[in-house]
Amino acid sequence: MVVASPTKTHSEEHLTIELPTVDLSGDRSMVSNLIVKACEEYGFFKVKNHGVPHDIIAKMEKESFNFFAKPFDEKQKVELAKPLGYGCKNIGFKGDIGEVEYLLLNTNPLYIAESSAVSAYIEAVRELACELLDLMAEGLRIPDRSVFSRLIRDGDSDSLVRLNHYPPMPLLCKDKDSSTCNQNKVGFGEHSDPQILTILRSNDVGGLQISLHDGAWVPVTPDPATFCVNVGDLLQVMTNGRFVSVRHKALTNSYKSRMSMAYFAGPPLNARIAVPPEMITPTKPALYKPFTWAEFKKAAFALRLGDRRLGLFRMEGDEQVA
């Protein structure tokens, strides 16, 4: 197993980060420990030898590009049940906008039966998400290794797939010396993912940026051969703050279309989200109150994209903001 050490390179113009890349074909104990370390230090990592067949990924990406190439009026007809379906620029219900068009899909087979490519992709990435969650539980030394993954395997899992298409946005500027000429537009604004885990696949076009501990925004190098994985708000809660749900955003590219396919692993609406006993110690008491996914989801929809949700569920007397 080869794991790239996280390294940062600095130039006068920007900072770039190489996320840890975990080879899932390696020794299981070592793999689980590396994943835990990445979740603690970065909240993001990449995986290779992930077991998702290339043809399944290629078919899903092809169908996605074909959909976004359709006339606008035709795309608008795809409204399954708001907030699901097609959207353009408007993100959520609180006025957030970005240079993006998207298709948000429920992963329940009843909703996606018409597309075998979508069904096959969802099944494959769900298995990957469950395997990663099992590895995390093992690395955290939790005896019940399915403590996280069973929430995803549940037939009532509220998981979603989001296809984001960022059309190229040429930089227009009359003043060639202006710094704004070198700034790409925001495609999807700053946020953290509310669910348990996100499995992200993008084409070979940059745009993803994450916020490090010092508040600096750094671009993540695109790698179509891997999946990018990040911790969601619920996983931060269930690991009692040991894993970090990192804020991230996406910028447009001046010349190329960027396509990202995100699987958001979510629990059933009535699932009780709480810290496993093994994650609580005398020196590390529970940071968050137990709640249901429906309660957290309602709170998330009531806020702007960049607002912090976890602070609403902190234990009383804990003044730390999350």
Side-chain angles (χ1 to χ4, degrees), residues 1-8 17-52 57 124-153 157 159 192-202 208 210-213 218 220-248 261-267 273 275-276 278-281 284 287 310:
M1 177 181 62
V2 177
V3 180
S5 299
T7 57
K8 288 177 279 185
I17 189 171
E18 292 296 337
L19 292 175
T21 299
V22 180
D23 185 343
L24 297 184
S25 67
D27 173 77
R28 188 173 182 89
S29 177
M30 184 179 294
V31 167
S32 64
N33 289 334
L34 288 168
I35 289 175
V36 166
K37 183 179 180 182
C39 291
E40 291 175 333
E41 295 183 358
Y42 289 87
F44 271 81
F45 60 97
K46 296 178 181 179
V47 292
K48 64 179 182 179
N49 290 323
H50 42 67
V52 180
I57 298 173
V125 293
R126 179 192 293 118
E127 286 303 309
L128 173 58
C130 289
E131 173 66 5
L132 291 171
L133 290 170
D134 288 347
L135 285 163
M136 291 174 187
E138 292 175 28
L140 291 169
R141 308 298 186 262
I142 299 176
D144 180 6
R145 77 169 199 169
S146 64
V147 64
F148 305 135
S149 65
R150 73 163 64 97
L151 296 170
I152 311 306
R153 296 189 185 279
S157 164
S159 298
S192 62
D193 294 340
Q195 293 88 352
I196 297 174
L197 195 73
T198 302
I199 308 291
L200 178 70
R201 166 62 164 75
S202 63
L208 176 64
I210 67 173
S211 178
L212 295 181
H213 301 295
V218 295
V220 175
T221 305
D223 182 2
T226 66
F227 279 100
C228 191
V229 182
N230 65 277
V231 173
D233 293 344
L234 297 189
L235 192 55
Q236 177 171 323
V237 170
M238 291 188 290
T239 59
N240 207 25
R242 187 165 167 181
F243 288 2
V244 185
S245 178
V246 172
R247 301 174 74 78
H248 51 285
M261 306 184 300
Y263 171 78
F264 300 106
I273 307 302
V275 182
E278 295 83 2
M279 301 301 298
I280 301 174
T281 67
K284 185 71 172 180
L287 298 177
L310 285 175

Chemist: Leu140 and Phe243: side chain to side chain contact (heavy atoms under 4.5 Å, CB included), yes or no, with the steps?
Modeler: CA-CA 10 Å; Leu140 291 169; Phe243 288 2; 3.9 Å; yes

Chemist: So how far is it from Leu135 CG to Cys130 SG, rounded to the nearest 0.5 Å?
Modeler: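 Nearest 0.5 Å value for the CG-SG distance: 11.5 Å.
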
Chemist: Taking all heavy atoms of Ile142 and all of Glu278, pick out the closest pair and write down the distance.
Modeler: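 Taking Ile142 first and Glu278 second, the nearest heavy atoms are CG2-OE1, 4.0 Å.
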
Chemist: Give me the atom names and distance for the closest heavy-atom approach of Ser32 to Glu138.
Modeler: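 Closest approach of Ser32 to Glu138: CB-CB, 4.4 Å.
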
Chemist: Considering all heavy atoms of both residues, which atom of Thr239 and which atom of Met279 are nearest to each other, and what is their separation?
Modeler: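 Heavy atoms of Thr239 and Met279 come nearest at O-CE, 3.3 Å.
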
Chemist: Can you tell if the side chain of Leu208 reaches within under 4.5 Å of the side chain of Ser202, non-hydrogen atoms only?
Modeler: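 No, their side chains stay 4.5 Å or more apart.
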
Chemist: Rounded to the nearest 0.5 Å, how far does CG of Leu234 lie from CD of Gln195?
Modeler: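 One finds 7.5 Å between CD of Gln195 and CG of Leu234.
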
Chemist: State whether the side chain of Arg201 and the backbone N or O of Pro224 hold a donor-acceptor pair below 3.5 Å, judged by distance alone.
Modeler: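 Indeed, once roles are kept as given, a pair shorter than 3.5 Å links the two residues.
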
Chemist: Nearest 0.5 Å, please: how far is NZ in Lys48 from CG in Asp223?
Modeler: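 Spacing of CG (Asp223) from NZ (Lys48) equals 9.0 Å.
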
Chemist: Between Arg242 and Glu40, is the salt bridge (Lys or Arg N to Asp or Glu O under 4.0 Å) condition met? List the steps.
Modeler: CA-CA 6 Å; Arg242 187 165 167 181; Glu40 291 175 333; 2.3 Å; yes

Chemist: Using the side chain to side chain contact (heavy atoms under 4.5 Å, CB included) rule, take Val220 and Lys46 through it: C-alpha gap first, then chi angles, then the decisive distance, then the call.
Modeler: CA-CA 10 Å; Val220 175; Lys46 296 178 181 179; 4.0 Å; yes

Chemist: Measure the shortest side-chain to side-chain distance between Val275 and Met238 over non-hydrogen atoms and say whether it is less than 4.5 angstrom.
Modeler: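 No, side chains not in contact.
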
Chemist: Using a 4.5 Å cut-off on heavy atoms from C-beta on, say whether the side chain of Asn240 contacts that of Lys284.
Modeler: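 Yes, their side chains come closer than 4.5 Å.
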
Chemist: Using atom types as modelled and distance alone, determine if a side-chain donor or acceptor of Gln236 lies under 3.5 Å from a backbone N or O of Gly241.
Modeler: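 Absent.
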
Chemist: Ignoring hydrogens and angles, state whether a donor on the side chain of Ser29 or Asp27 is under 3.5 Å from an acceptor on the partner side chain.
Modeler: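 The answer is no; no qualifying pair exists.
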
Chemist: Start with the C-alpha distance between Arg126 and Glu131, add both sets of side-chain angles, then the distance that settles salt bridge (Lys or Arg N to Asp or Glu O under 4.0 Å), and finish with yes or no.
Modeler: CA-CA 9 Å; Arg126 179 192 293 118; Glu131 173 66 5; over 6 Å; no

Chemist: Which value, rounded to the nearest 0.5 Å, describes the distance between Leu34 atom CG and Asp23 atom CG?
Modeler: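 Here the rounded value is 10.0 Å.
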
Chemist: State, to 0.1 Å, how close Val237 and Leu310 come at their nearest heavy-atom pair, and which atoms those are.
Modeler: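 Heavy atoms of Val237 and Leu310 come nearest at CG2-CD2, 3.4 Å.
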
Chemist: Can you spot which of Val22, Thr226, Leu24 makes a side-chain contact (heavy atoms from CB on, under 4.5 Å) with His50?
Modeler: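 Only one option passes, and that is Leu24.
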
Chemist: With a 4.5 Å heavy-atom cut-off, do Ile35 and Phe45 have their side chains touching?
Modeler: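 With C-beta onward as the side chain, the pair touches.
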
Chemist: So, taking the atom named CZ in Phe148 and the one named CG in Leu235, what distance separates them when rounded to the nearest 0.5 Å?
Modeler: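 So the gap between those two atoms works out to 5.5 Å.
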
Chemist: With a 3.5 Å distance limit and no angle check, can you tell me whether Thr21 reaches the backbone of Val47 through a side-chain donor-acceptor pair?
Modeler: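 Side chain of Thr21 to backbone of Val47: no pair is present.
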
Chemist: Any chance you could lay out the side chain to side chain contact (heavy atoms under 4.5 Å, CB included) test for Ile152 and Leu133, step after step, and finish with the verdict?
Modeler: CA-CA 9 Å; Ile152 311 306; Leu133 290 170; 3.7 Å; yes

Chemist: Can you check whether Val246's main-chain N or O pairs, donor with acceptor, with Asn230's side chain at less than 3.5 Å?
Modeler: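 No, Asn230 side chain to Val246 backbone: no donor-acceptor pair under 3.5 Å.
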
Chemist: I want to check something: taking the side chain as every heavy atom from C-beta on, are Leu200 and Val229 in contact at a cut-off of under 4.5 Å?
Modeler: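 SC-SC contact between Leu200 and Val229 ruled out.
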
Chemist: In chain order, what residues pass the salt bridge (Lys or Arg N to Asp or Glu O under 4.0 Å) check against Arg153, with sequence neighbours excluded?
Modeler: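 Salt bridge (Lys or Arg N to Asp or Glu O under 4.0 Å) list for Arg153, sorted by chain: Glu127.
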
Chemist: Without swapping roles, check the side chain of Arg145 against the backbone of Pro143 for a donor-acceptor pair under 3.5 Å.
Modeler: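 Side chain of Arg145 to backbone of Pro143, a donor-acceptor pair under 3.5 Å: no, none is there.
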
Chemist: Between Pro194 and Asp233, which heavy-atom pair has the shortest distance, and what is it?
Modeler: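 What the structure gives for the nearest pair is CA-OD2, 3.4 Å.
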
Chemist: Please check: side-chain N/O of Ser146 versus main-chain N/O of Ser149, any donor-acceptor pairing under 3.5 Å?
Modeler: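 Not a single qualifying donor-acceptor pair exists.
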
Chemist: Just jot down the salt bridge (Lys or Arg N to Asp or Glu O under 4.0 Å) partners of Arg247, sequence neighbours excluded, or say none.
Modeler: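 Counting only residues at least two positions away or on another chain, Arg247 forms a salt bridge (Lys or Arg N to Asp or Glu O under 4.0 Å) with Glu190.
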
Chemist: Are Ser159 and Phe264 close enough that some pair of their side-chain heavy atoms sits under 4.5 Å apart?
Modeler: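 No, too far: nothing below the 4.5 Å cut-off.
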
Chemist: Hey, what do you get for CG (Leu19) to OG1 (Thr221), rounding to the nearest 0.5 Å?
Modeler: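 Result: 8.0 Å between the selected atoms.
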
Chemist: Carefully, step by step, assess Asp144 and Arg150 under the rule salt bridge (Lys or Arg N to Asp or Glu O under 4.0 Å).
Modeler: CA-CA 10 Å; Asp144 180 6; Arg150 73 163 64 97; 2.3 Å; yes

Chemist: Side chains of Thr198 and Phe227: does their closest heavy-atom pair fall under 4.5 Å?
Modeler: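 Not in contact.
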
Chemist: Can you give me the closest heavy-atom contact between Met136 and Cys39, atom names plus distance?
Modeler: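 In this case the closest contact between Met136 and Cys39 is CE-SG, 3.8 Å.
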
Chemist: Would you mind reporting whether Ile199 and Leu132 have side-chain heavy atoms less than 4.5 Å apart?
Modeler: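 When only atoms from C-beta onward are counted, Ile199 and Leu132 do touch, with a gap below 4.5 Å.
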
